[in-house]
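Note that this is a predicted model, so its numbers are computed, not measured. These values consider heavy atoms only, across backbone and side chains, with no hydrogens, waters or symmetry-generated copies. By convention in this document, chain letters (A, B, ...) are assigned in the order of the sequence lines, proteins followed by strands, and residues within each chain are numbered from 1.
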Amino acid sequence: MSFINYSAREINCKLVFYGPGLCGKTTNLQYIYKKTNPDSKGKMISLATESERTLFFDFLPLALGNIKGFKVRFHLYTVPGQVFYDASRKLILKGVDGVVFVADSQAERMEANIESMENLRKNLQEQGYNLDQLPFVIQYNKRDLPNAVSMEELNQALNPKGVPFFEAVAPQGQGVFETLKEIAKQVIMQIKKGT
Amino acid sequence: MPDPGLIMYEEEFKQIDAELHRLHQQANAKVTFLVDKNGQLIAAVGETENLDTTSLASLTAGNIAATGGMAKLLGEKDFSILFHEGERDNIHISLVGRVILVVIFDQRSSLGLVRLRVKKSVEILSQILQRILQKVDQAKAPSGTGGGNKEQPKSPFAEITEDDIEKLFG
């Protein structure tokens, strides 16, 4: 959960990028890292295997600016997408303030998307969270691929509640900052509500 | 919902900082710092100029979370102390309720000394953290029940507008 430091005049929030293996969670963070002013970002940390698959998490601290005299910092995390890393995924969800679900638009990954979404809901529940009450955004990634499923179909399968969603091509940055902005907005509004 | 967010007030921050300074000195440590279990750095003292404390905080929390997961598989509640030994520097990590105390030290100190000093600091830090939790509870209690108090500043976030958020992304 958010950490408000009156002494340092800072608000820290934790955002988690969730989704099936190879959907582009790390690519999202890499693009954000690449395009952010060096003064506003810390080092990006990737705990990955030799073949660059996320093993535990990626971490990117971002300081976006000030609100009401408080520095707003976001800590972005990704989870390992591969099914057998479930124990690690649960740990990373601890203390989450907002979730971005990155879905892979390719037809053959539909089942993996659905499975990962169910896994997200279940893992959040175990930590005492309800996905429907948490700041939540869906990003449909890989929109440029020829085998991408239609948006209607994706929304029908993954977004029955109609949360905000974005089309993305993460390596080129399309939709990446739009997604970040929406989740940041929801998280800050949640802090406002809580005060 | 799970634990509410952590809130740090000026008074307790100063007390925590003072305790970290004391520990830093008495344990002959290079760096002492306190991290929230979610990976947020609370305070750091010592030779932090060339140290990426934000990343260190996040990895410490990840480390504690991973070993906590291992503990549960063994039927333990938690592993409350972790120690990593390097060629030059060593890291001593201990759980203090919902936060984590980290001491980095080299050959100028020893594991025995660090453990001894940490034990005392854990007690003191626990008391300070307890006071913060009480303060947060009091601040949340409706006024008139004796809970509302004048000590805390009024939350500056109650009046955030969409415009403020837009500006963040300039």
Study note, to complete from the structure: Note: B/Ile7 and A/Tyr6 closest approach over all heavy atoms is CG2-CE1, 3.4 Å

Review point. Atom CG of A/Asn66 and atom NZ of B/Lys167: how far apart are they, to the nearest 0.5 Å?
Key: 11.5 Å

Review point. Is there a side-chain contact between B/Asn38 and A/Asn12 (heavy atoms, below 4.5 Å)?
Key: no

Check your understanding: What is the minimum heavy-atom distance between B/Glu10 and A/Ser7, and which atoms define it?
Key -> OE2-OG, 3.5 Å

Review point. Around A/Glu108, counting heavy atoms of other residues, nucleotides and ligands shown, do more than 12 lie under 6.0 Å from its CD?
Key: yes

Check your understanding: Which word best sums up how the rings of B/Phe157 and A/Phe70 line up, parallel for under 30°, tilted for 30 to 60°, or perpendicular for over 60°?
Key -> perpendicular

Exercise for review: Determine whether B/Leu23 and B/Leu56 fall in the same hydrophobic cluster, where Ile, Leu, Val, Met, Phe, Trp and Tyr are linked whenever their side-chain heavy atoms lie under 4.5 Å apart.
Suggested key: no

Review point. Roughly how far, to the nearest 0.5 Å, is the OG1 atom of B/Thr54 from the CG atom of A/Leu62?
Key: 11.5 Å

Exercise for review: Sort B/Leu41 into side chain, backbone, both or neither according to what part of it lies under 4.5 angstrom from a heavy atom of chain A.
Suggested key: backbone

Point to revise | A/Phe17-B/Phe169 co-clustered via ILVMFWY side chain contacts under 4.5 Å | key: yes

Exercise for review: Give the member of A/Arg73, A/Lys68, A/Met189 that has the highest number of heavy-atom pairs under 4.5 Å with chain B.
Suggested key: A/Lys68

Review point. Quick check: are there more than 12 heavy atoms from other residues, nucleotides or ligands sitting under 6.0 Å from NZ of B/Lys119?
Key: no

Practice item. Determine whether B/Leu111 and B/Val118 fall in the same hydrophobic cluster, where Ile, Leu, Val, Met, Phe, Trp and Tyr are linked whenever their side-chain heavy atoms lie under 4.5 Å apart. Key: yes

Practice item. Check the surroundings of atom NZ in B/Lys72: do more than 12 heavy atoms from other residues, nucleotides or ligands lie under 6.0 Å from it? Key: yes

Exercise for review: Tell me, with the steps shown, if A/Ile191 and B/Ile160 meet side-chain contact (heavy atoms from CB on, under 4.5 Å).
Suggested key: CA-CA 9 Å; A/Ile191 291 176; B/Ile160 291 176; 5.6 Å; no

Point to revise | Heavy atoms of other groups near B/Glu49 CD, more than 12 under 6.0 Å | key: yes

Point to revise | A/Asp39 atom CG: more than 12 heavy-atom contacts under 6.0 Å | key: yes

**Study point:** Region of A/Phe3 that comes under 4.5 Å of a non-hydrogen atom in chain B
**Key:** both

Check your understanding: So which of B/Gly62, B/Gly68, B/Gly69 has the largest heavy-atom pair count under 4.5 angstrom toward chain A?
Key -> B/Gly62

Study note, to complete from the structure: Within residues 142-175 of chain A, contacts to chain B at heavy-atom distances under 4.5 Å involve none

**Study point:** Engaged part of B/Asp164 at the chain A interface, taking heavy atoms whose separation is under 4.5 Å
**Key:** both

Point to revise | Nearest non-hydrogen partners of B/Ser55 and A/Ile45, listed with the distance | key: CB-CD1, 3.3 Å

Exercise for review: Under 4.5 Å heavy-atom distance to chain B, tell me which part of A/Leu60 shows up: side chain, backbone, both or neither.
Suggested key: neither

Point to revise | Greater than 12 external heavy atoms within 6.0 Å of A/Glu111's CD | key: no

Review point. Same cluster or not: are B/Leu95 and B/Leu129 linked, directly or through other Ile, Leu, Val, Met, Phe, Trp or Tyr residues, by side-chain heavy atoms under 4.5 angstrom apart?
Key: no

Point to revise | Same apolar cluster: B/Leu168 and A/Leu180, side chain cutoff 4.5 Å | key: yes

Check your understanding: Between atom OG of B/Ser58 and atom CD1 of A/Ile92, what is the distance when rounded to the nearest 0.5 Å?
Key -> 9.5 Å

Check your understanding: Can you tell me if CD on A/Glu126 sees more than 12 non-hydrogen neighbours from other groups inside 6.0 Å?
Key -> yes

Revision key, fill the gap. Rounding to 0.5 Å, atoms CD (B/Gln40) and CD1 (A/Ile4) come to a distance of 11.0 Å

Check your understanding: Tell me, do B/Leu59 and A/Phe57 make a side-chain contact under 4.5 Å, heavy atoms counted?
Key -> yes

Review point. Who among A/Lys94, A/Lys181, A/Lys43, A/Lys14 has the most heavy-atom pairs with chain B under 4.5 Å?
Key: A/Lys181

Check your understanding: What is the distance from atom OG1 of B/Thr161 to atom CD1 of A/Ile188, rounded to the nearest 0.5 Å?
Key -> 10.5 Å

**Study point:** Considering all heavy atoms, the nearest B/Phe13-A/Asn5 contact
**Key:** CE1-ND2, 4.0 Å

